[in-house]
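The block underneath contains the structure these notes are about, expressed in structure tokens.
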Amino acid sequence: MELGSIKSRTKKVTRRRVGRGPGSGLGKTSGRGHKGQKARTGGGVRRGFEGGQTPLYRRLPKRGFTNIHARDYVEVTLTMLNKSKAKEITAETLLSEGIITKINNGIVILGTGNIEKSVSVKAVRFTKGAKAKIEAAGGKVEVN
């Protein structure tokens, strides 16, 4: 194999040279046609513009609202708790171990999976199944 025999894996597309005479097929008006808004420098319309007609995003009814008092919790499963090496599990310990990436307004423990060790867990909320599985494994549940 030589350097000159290596073929590129990417498709090489030649640059379109506009305004270089009639032989190129893109001479004179450079593929923009004659006159009009799209032929002008800086011409064209913004996204969603419908020629002066009320655009779709304004014609459609607005539904719902965003609750400014909503609490955003991070969901943690029992399978994720198994990965932790700590005996007392809190949101901070899970964050430091890299099991979760953010705390937000606290953590909620879900009953997905099984817990194989006895641990003490502190969280904002627990599902009934999660609470039962943790206590069955000999662990403690604490709501903070």
Side-chain angles (χ1 to χ4, degrees), residues 1-117 119-134 136-137 139 141-144:
M1 179 181 274
E2 292 178 4
L3 211 58
S5 66
I6 298 170
K7 286 213 168 103
S8 174
R9 301 177 101 197
T10 59
K11 187 179 173 185
K12 187 171 181 180
V13 180
T14 52
R15 191 168 60 89
R16 184 169 68 166
R17 297 184 70 224
V18 296
R20 293 292 181 273
S24 69
L26 290 168
K28 194 178 168 226
T29 55
S30 304
R32 287 173 170 257
H34 293 281
K35 299 186 182 175
Q37 189 175 11
K38 289 167 88 176
R40 314 285 185 210
T41 304
V45 293
R46 67 178 180 273
R47 236 180 350 179
F49 185 70
E50 296 183 24
Q53 172 178 297
T54 307
L56 185 68
Y57 67 87
R58 287 186 57 204
R59 291 197 306 264
L60 293 176
K62 310 296 182 273
R63 294 285 313 253
F65 72 103
T66 302
N67 184 359
I68 60 167
H69 303 294
R71 311 288 282 158
D72 189 22
Y73 300 116
V74 177
E75 294 175 345
V76 178
T77 63
L78 295 178
T79 310
M80 291 162 80
L81 291 182
N82 280 330
K83 295 176 186 172
S84 177
K85 290 164 183 59
K87 280 284 175 193
E88 194 170 298
I89 299 172
T90 62
E92 288 74 24
T93 57
L94 291 174
L95 186 68
S96 64
E97 291 182 62
I99 295 169
I100 59 173
T101 55
K102 56 186 179 270
I103 296 176
N104 292 349
N105 296 117
I107 59 170
V108 174
I109 310 298
L110 306 178
T112 309
N114 289 309
I115 187 128
E116 285 122 28
K117 55 188 177 183
V119 288
S120 173
V121 186
K122 286 184 182 176
V124 176
R125 210 156 36 95
F126 294 85
T127 61
K128 287 178 188 172
K131 192 174 182 179
K133 286 179 183 179
I134 291 168
V141 167
E142 193 179 320
V143 177
N144 61 345

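A quick note: this is a predicted structure, and the numbers were derived from the prediction, not measured. The first residue in the sequence is number 1, and the count goes up from there.
Closest approach of A39 and G33 over heavy atoms only: CB-O, 4.4 Å. The shortest non-hydrogen separation linking S84 to E97 is OG-OE2, 2.8 Å. Summarising the geometry of I115 relative to A137, their closest heavy-atom pair is CG2-CB, 3.8 Å, with the distance given to 0.1 Å. Residues E142 and F126 share a closest heavy-atom pair of O-CE1, 3.5 Å. Residues E2 and S5 approach most closely at O-OG, 2.7 Å, considering heavy atoms.
Surrounding NZ of K38 are at most 12 heavy atoms belonging to other residues, nucleotides or ligands under 6.0 Å away. Residue R59 qualifies as enclosed at atom CZ: its count of foreign heavy atoms under 6.0 Å is above 12.
Side-chain atoms of K62 come within 3.5 Å of backbone atoms of L60 as a donor-acceptor pair (strictly under, hydrogens ignored). The backbone N or O of L56 lies less than 3.5 Å from a partner atom in the side chain of E50, making a donor-acceptor pair.
With rounding to the nearest 0.5 angstrom, the CG atom of L94 is 8.5 Å from the CD1 atom of I103. Distance check, rounded to the nearest 0.5 Å: CD1 of I89 to CD1 of I107 gives 8.0 Å. How far CG of L110 is from NZ of K133: 10.5 Å, rounded to the nearest 0.5 Å.
I109 is not listed as a side-chain neighbour of V141, based on a closest heavy-atom distance of 4.5 Å or more. Within the 4.5 Å cutoff, the side chain of N114 has no heavy atoms near those of the N82 side chain. Between T93 and E88, every side-chain heavy-atom pair lies at or beyond the 4.5 Å cut-off.
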Give the table of side-chain donor-acceptor pairs shorter than 3.5 Å for residues 18-30, with sequence neighbours excluded, one pair per line with atom names and distance.
unit_1: R20; atom_1: NH1; unit_2: V18; atom_2: O; d: 3.4
unit_1: S24; atom_1: OG; unit_2: G21; atom_2: O; d: 2.9
unit_1: S24; atom_1: OG; unit_2: L26; atom_2: N; d: 3.1
unit_1: S30; atom_1: OG; unit_2: G19; atom_2: N; d: 3.4

Can you give me every donor-acceptor pair (side chain of residues 70-80, partner residue at least two apart or in another chain, under 3.5 Å) with its distance?
unit_1: D72; atom_1: OD2; unit_2: N104; atom_2: ND2; d: 2.9
unit_1: T77; atom_1: OG1; unit_2: M80; atom_2: N; d: 3.3

